[in-house]
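Okay, structure first, notes after.
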Amino acid sequence: MTESHRVRIFDTTLRDGEQAAGINLNKEEKLRIALQLAKMNVDIIEAGFPAASPGDFEAVKLIAGTVKGPVIAGLARTRKEDIRAAAEAVRCAEKGRIHTFIATSPIHMEFKLKMTPEQVLEEVRQAVTYARSLVEDVEFSAEDGSRSDPAFLAEVFRAAADCGASTLNIPDTVGYAVPEEFGAFVQAVIEATDRPGVTWSVHCHNDLGMAVANSLAAVRAGARQVECTVNGLGERAGNASLEEVVMGLRTRRDSYGCETSLDTTKLWGVSSMVSRMTGFPVPPNKAVVGSNAFAHEAGIHQHGVLCNRATYEIMNPEDVGAPGSRLVLGKHSGKHAFRQRVEEMGFSLSEEKITEAMALFKTLCDRKEIVTSEDLEAMINSEILAAAESRRIVLKTFLVQVGRGHGTATV
Ligand code: KIV
Ligand code: ZN
């Protein structure tokens with residue numbers, strides 16, 4: 001795959017992800033996550049917002065000085081003191097980046113910034129020029145880009161590129177975009193900006209559940225950096241989920257014609273680690289990394305998977321580091337999966353006994369929400385296997401002796 005088809009993964013779990021209400025990581029926890037992200041080969045780690053707090057500054061500095069491989073980015077508003085703090089925090093990085101941003105939509109400029117478009121344009125020029133005087137690698141983001149006037153946006157991006165920004169990011173800050181429209185918008189802005197040397201990036205929020213779809217539509221339109229977070233963590237409804245973007249590009253490479261450099265076998269482990277450390281559980285039905293992502297309960301599906309996994313699985317669990325496909329026994333399960341489970345448990349039952357056991361099992365499923373393997377084993381032992389000799393394990397005698405010194409047990 002050529003460089004022009006490579007999509008860079010910009011992970012912002014430690015910055016936008018940590019902005020999710022209820023998440024607060026200390027610098028050691030952030031470092032542990034950053035080390036795993038580096039092992040997974042993400043291209044850029046946005047380690048934090050150095051001017052936001054002394055803790056954030058210290059975390060970015062620690063990550064910049066320790067984590068090798070990816071670019072380490074620090075976020076900064078266009079203010080000089082923010083840019084200085086970001087530059088200082090990433091100073092020791094093997095590859096450091098300042099990511100500076102200002103809003104460009106009419107509503108943000110008028111009500112939040114209280115600035116005219118001309119003032120915003122001037123602010124961009126000054127900020128990018130100053131950032132470039134401190135580091136080589138500068139990214140500029142137009143906050144609320146998707147709700148900005150495309151002609152003004154192109155003017156702002158041209159100014160940023162001409163002052164030395166090499167990555168230009170179009171955020172859908174409020175998750176308002178829809179894929180077809182956003183793809184066309186990104187393409188129009190790229191064309192109107194007309195700066196072929198830059199890397200185009202997108203940063204999509206998930207307020208309407210379309211962050212991943214919007215990010216992928218942008219890739220089709222020419223974006224070659226996607227900003228995302230592990231488990232889709234982030235402000236409000238979160239950001240585009242890293243694992244979904246990466247597996248979307250990989251699984252549908254036939255459609256997007258692009259790839260990332262990620263070691264996807266690390267996705268499951270990183271997702272679990274981030275979930276544990278943030279205290280945000282991964283929903284069972286979450287795409288790619290949910291515990292049900294490779295679980296099949298319906299009999300028809302289970303039969304299909306037993307014949308050929310690809311009948312109902314479009315990804316291999318091992319490709320994302322998942323423990324493997326699971327056939328979950330429940331009231332929708334069929335005989336094929338039931339027989340397989342019973343055999344895996346070590347029972348050898350006749351067809352007649354299997355039918356009998358399955359009927360009992362379904363009655364149990366109606367009474368009990370979760371039927372475990374232990375329930376099934378107990379049911380087979382007590383209700384199906386009448387004759388002792390056909391039991392899998394029979395306890396004939398046992399002897400337990402305790403006293404001074406070693407105790408002994410004989411089974
Ligand atoms: O959502 C957003 O616009 C951001 C920017 C700082 C890139 O997080
Ligand atoms: Zn954001």
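Just follow the structure's listing: the first ligand is 1, and inside any ligand the first atom is 1.
Side-chain N/O atoms of D319 and T264 include no donor and acceptor closer than 3.5 Å. Between the side chains of E123 and Q119, no donor N or O sits under 3.5 Å from an acceptor N or O.
The shortest N/O to N/O separation between H205 and ligand 1 falls below 3.5 Å. In terms of N/O distances under 3.5 Å, ligand 1 is approached by H203. For ligand 1, none of its N or O atoms has an N or O atom of N169 under 3.5 Å away. Inclusion of E143 in the set of residues having an N or O under 3.5 Å from an N or O of ligand 1 is not warranted.
Under 4.0 angstrom from ligand 1, the non-hydrogen atoms of D16 all belong to its side chain. With a 4.0 Å heavy-atom cut-off, ligand 1 is reached by the side chain of R15 but not by its N, CA, C or O.
Between the side chain of D375 and the backbone N or O of T372, at least one donor-acceptor pair lies under 3.5 Å. With hydrogens and angles disregarded, a donor-acceptor distance shorter than 3.5 Å links the side chain of T100 to the backbone of R77. Listed for the N308 side chain is a donor-acceptor partner under 3.5 Å among the backbone atoms of A310.
Within D16, the N/O/S atom positioned nearest the Zn ion (ligand 2) carries the name OD2.
When only non-hydrogen protein atoms are considered, atom 3 (O) of ligand 1 lies nearest to T173 OG1, 2.6 Å.
R326 approaches S291 most closely through the heavy-atom pair NH2-O, 2.9 Å. Scanning both residues, N24 and E29, for their nearest heavy atoms gives O-OE1, 4.1 Å.
Less than 4.0 angstrom separates some heavy atom of P171 from each of these atoms of ligand 1: 3 (O).
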